[in-house]
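Hydrogens, waters and symmetry mates play no part in the numbers below; they use all other heavy atoms, side chains included.
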Amino acid sequence: MQAPRGIRLTRLGVGEWILGFGSVLLLADLFGLSWFRARAGLHATALITGGYVRADGWQSLGATGPLALIVCLAGIAVWWLAATRRSPAMPVAITILLTPVALILAALTAIRVFLAQPTVRLLRAGGASGAVQLRPGAYLGVALSLAVFAGAYLALRRDNVAPEDAPAEVELVPLTARS
């Protein structure tokens, strides 16, 4: 498989790969997988959903959901810019801003999943009568948000120019004594 024109995958380090894949997978997990579910009572939702009310990451993260979306898009942008730019200036500038925000996202996601589960919203929305259960998407969301932070940190640690983009020869200015 050949990369599109202008993209050089050799410019990417381990951090950029982790950041790029982690961002794409977290974005898919945020909208595609169930994070929480609760047993629905006698409610119309129970008939439609087969007895359970489910919530994906976007529905259950509340105000953290847009932050997760921004972090994922910024992580994909860092991957793209690192692969297409000869200079590391733009990807490094975004990564500097992204790293602390990704750490905050990882902490808020872990708090939401393990400490402050969205019981009120699920109970009100579906008339649920039981406790909220964690789904695999929630565990995956925490792991992927940690991976995005780790990828951003590792990408920040390697902020150099790829060997094929380095100047082949540096012009030297001779130092001669003036007469």
Are I70 and V78 linked, directly or through intermediate hydrophobic residues, by side-chain heavy-atom contacts shorter than 4.5 Å (ILVMFWY only)?
no

Nearest 0.5 angstrom please: [X] [atom1] to [Y] [atom2], how far?
X	Y	atom1	atom2	answer
S60	L30	OG	CG	8.0 Å
L105	C72	CG	SG	7.5 Å
W79	T84	CH2	OG1	9.0 Å
F114	I111	CZ	CD1	11.5 Å

Start with the C-alpha gap between I18 and Y153, add the side-chain angles, then the distance that decides, and say whether side chain to side chain contact (heavy atoms under 4.5 Å, CB included) holds.
CA-CA 10 Å; I18 293 172; Y153 178 76; over 6 Å; no

For L103, which fellow cluster members are found when Ile, Leu, Val, Met, Phe, Trp and Tyr are connected by side-chain heavy-atom distances below 4.5 angstrom, either directly or through intermediates?
F149

For a quick test of reading the model, state the closest non-hydrogen atom pair linking S34 to R135 and the distance between them.
O-CB, 3.0 Å

Specify the closest pair of heavy atoms between V71 and A102, including all atoms of both residues, with the distance to one decimal.
CG1-CB, 4.3 Å

What side-chain donor-acceptor pairs closer than 3.5 Å can you find for residues 22-29, not counting sequence neighbours?
{"from": "S23", "atom 1": "OG", "to": "L19", "atom 2": "O", "distance (Å)": "2.7"}
{"from": "D29", "atom 1": "OD1", "to": "W35", "atom 2": "NE1", "distance (Å)": "3.4"}
{"from": "D29", "atom 1": "OD2", "to": "G141", "atom 2": "N", "distance (Å)": "3.0"}

Per-pair distances, 0.1 Å, donor-acceptor, side chain in residues 90-99, under 3.5 Å, sequence neighbours excluded:
{"from": "T95", "atom 1": "OG1", "to": "P91", "atom 2": "O", "distance (Å)": "2.6"}
{"from": "T99", "atom 1": "OG1", "to": "T95", "atom 2": "O", "distance (Å)": "2.8"}

